[in-house]
Amino acid sequence: MNYWLMKSEPDAFSIDDLKKKGQEHWDGVRNYQARNYMRDGMRVGDKIFFYHSNCAEPGIVGIAEVATEAYPDASQFDPKSNYFDPGASHDKPRWMLVDVKFVKKLKRTISLKELQAEPALAEMPLVKKGNRLSVMPVSAADWRHIVGME
DNA sequence: GCCAACGTTGGC
DNA sequence: GCCAACGTTGGC
């Protein structure tokens with residue numbers, strides 16, 4: 001099993017939204033590396049840290065699970081969508097997504113500030129300066145370490 | 001709202 | 001294939 005971290009802006013889609021819905025397709029990823037992680041790396045049952053970005057207290061707020069294999073993101077075909085991509089076609093979809101299932105909400109937010117302060121996590125891409133990936137792998141050791149911080 | 005970092009686009 | 005311009009992300 002692999003571990004992941006996925007970022008979402010709580011104004012757009014928060015851990016509470018996921019809790020309410022139970023499961024959601026993770027649409028709108030328009031970055032090749034993030035897409036490749038979803039398409040090639042994720043398997044059903046993999047665990048995900050749900051991360052809130054672009055907000056008052058950025059950090060990990062919950063745990064989710066990969067619920068489906070990757071499949072084409074329908075929003076790329078919709079001219080009315082913000083995520084429309086004129087370069088994509090049904091024959092040759094460019095963007096893929098997975099469905100994500102709610103597992104639990106953490107009792108508290110493990111803030112980015114705390115994560116950055118942990119020497120053990122210094123190699124996580126998340127805490128590196130300038131990192132903008134919205135989907136990234138987490139090592140098993142880092143996963144255990146972070147779970148222990150709750 | 002600012003701005004640094006970074007990815008993508010497009011002219012050449 | 002280079003690289004400047006541009007757009008986006010995301011912490012602060």
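Throughout, protein chains are lettered first and strands after them, A, B, ... in sequence-line order, and every chain is numbered starting at 1.
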Next item on the list: Output all residues satisfying side-chain hydrogen bond (donor to acceptor under 3.5 Å, both in side chains) with A:N31, sequence neighbours left out; order by chain, then residue number.
Entry: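 Checked A:N31 against side-chain hydrogen bond (donor to acceptor under 3.5 Å, both in side chains); zero matches.
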
Item checked: Side-chain donor-acceptor contact under 3.5 Å, A:S75 with A:R30 ->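 Their side chains do contain a donor-acceptor pair, which is all the 3.5 Å distance test asks for.
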
Note to self: What I want to check is whether the side chains of A:D99 and A:Y71 have a donor and an acceptor closer together than 3.5 Å.
What the structure shows: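 There is such a pair (donor and acceptor under 3.5 Å, judged by atom type) between the side chains of A:D99 and A:Y71.
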
Notebook entry, point to check: How would you give the extent of chain A contacts on DNA chain C, as first and last nucleotide 5' to 3' within a 4.0 Å heavy-atom cut-off?
Noted result: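 With heavy atoms of chain A under 4.0 Å away, the range is C:dG7 to C:dG11.
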
Next item on the list: Take A:N54 and A:N131, find for each the nucleotide of DNA chain B with the closest heavy atom, and name the residue whose nucleotide sits nearer the 5' end.
Entry: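 First, find each residue's nearest nucleotide; the 5'-ward one identifies A:N54.
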
Check: Mind checking whether A:W143 and A:F49 have parallel, tilted or perpendicular rings, split at 30° and 60°?
Finding: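 Ring orientation of A:W143 relative to A:F49: parallel.
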
Next item on the list: Using modelled atom types only, decide if a donor and an acceptor are shared between the side chain of A:E150 and the backbone of A:K107 within a distance under 3.5 Å.
Entry: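 Pair found, side chain donor or acceptor close to backbone of A:K107.
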
